[in-house]
Amino acid sequence: MTKTLRSPEIAEVESKMDSNTQVGPDTDSSSDELRRARLARGRVRLARVRSSRSRGQGVRAARRGRRQITVDRRDAVAARNIQLQERIHNMPEDSLRDLMFQLCQRNPSLVFDVLEESSRAQGGGHHSPARVQGQPDWCTCSYCREMPTQVERVCCGQTEQNCFSRLRDFDIVVLDELILHVARAYRQEIFAIQDDDDYNRANRHAGYRQYTLWQHGHLGAGHRRPIPSCCVWKIRDKYPNAFGQYRGYVPGRLG
Ligand SMILES: [Zn+2]
Ligand SMILES: [Zn+2]
């Protein structure tokens with residue numbers, strides 16, 4: 001059909017090419033083999049193109065499907081959050097207080113959020129009136145001490161009453177000898193390491209790690225955050241170095 005639209009010369013050339021490759025006059029075996037080989041190669045190529053085409057379509061369809069699932073999931077999570085917010089909004093205040101208490105018991109690190117929230121509500125958090133003489137100007141809780149490096153000049157950011165280092169939880173999780181003993185034993189077991197011969201230094205390091213776990217959860221190797229000065233000194237006061245020598249924060253660890 002298409003040939004009728006072309007010039008007769010082209011049609012003639014095309015028909016010659018056709019006859020050469022398909023039913024040409026050369027009927028000797030070598031050209032026959034060549035032809036068969038060419039045809040076979042063509043078929044393989046065609047099969048490859050078809051399969052890659054269908055594979056491409058399959059991948060695209062799968063991608064579309066995944067996108068759809070992600071969007072559906074996001075919608076479901078958003079709807080669930082709205083529902084949750086509505087339910088919380090309709091809860092009586094007493095139940096909310098009870099629930100908050102239970103949550104804090106289950107997840108002690110929430111205590112930090114509760115304290116921060118109550119500090120904000122009291123309009124505190126900065127420069128509490130109970131400022132102690134010699135208290136560094138970056139401290140709001142009154143329990144911090146001047147630190148040798150800028151990175152260590154961190155306060156818990158609370159009022160004097162809410163300072164993290166004065167929490168009962170702090171005494172248990174970060175300072176208690178039995179808790180620290182268990183934490184050290186667990187670490188030695190996991191990393192197959194020896195306990196530090198220096199008992200107080202071992203407990204200081206364990207206390208710093210406990211604090212970080214308590215407040216931030218697991219940060220992973222090499223990811224450390226400075227501990228507020230008030231908390232560092234509460235630990236050092238309980239497990240002091242006889243000569244008052246401490247390594248300080250060396251982006252890796254505290255001494
Ligand atoms: Zn402070
Ligand atoms: Zn503090």
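Remember, it's 1-based here, ligands and their atoms both numbered in the order they're listed.
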### Metal check, the Zn ion (ligand 1) vs C163 N/O/S, cut-off below 2.8 Å
no

## Note on the structure
Output field for angle at the Zn ion (ligand 1), C141.SG vs C144.SG, rounded to 10°, should show 110°

#### Entry: Trace of the ring-ring contact (aromatic ring centres under 6.0 Å, His included) decision for F164 with W214
CA-CA 11 Å; F164 292 168; W214 177 40; 7.1 Å; no

### Query
What is the distance from atom SG of C144 to atom NZ of K234, rounded to the nearest 0.5 Å?
12.5 Å

#### Entry: Charged tip of R201 within 45° of Y239 ring normal and under 6.0 Å
no

#### Entry: C230 N/O/S atom closer than 2.8 Å to the Zn ion (ligand 2)
yes

## Note on the structure
One should read off an interatomic distance between L99 CG and I88 CD1, to the nearest 0.5 angstrom, of 7.5 Å

### Query
Is C155 close enough that one of its N/O/S atoms sits under 2.8 Å from the Zn ion (ligand 1)?
yes

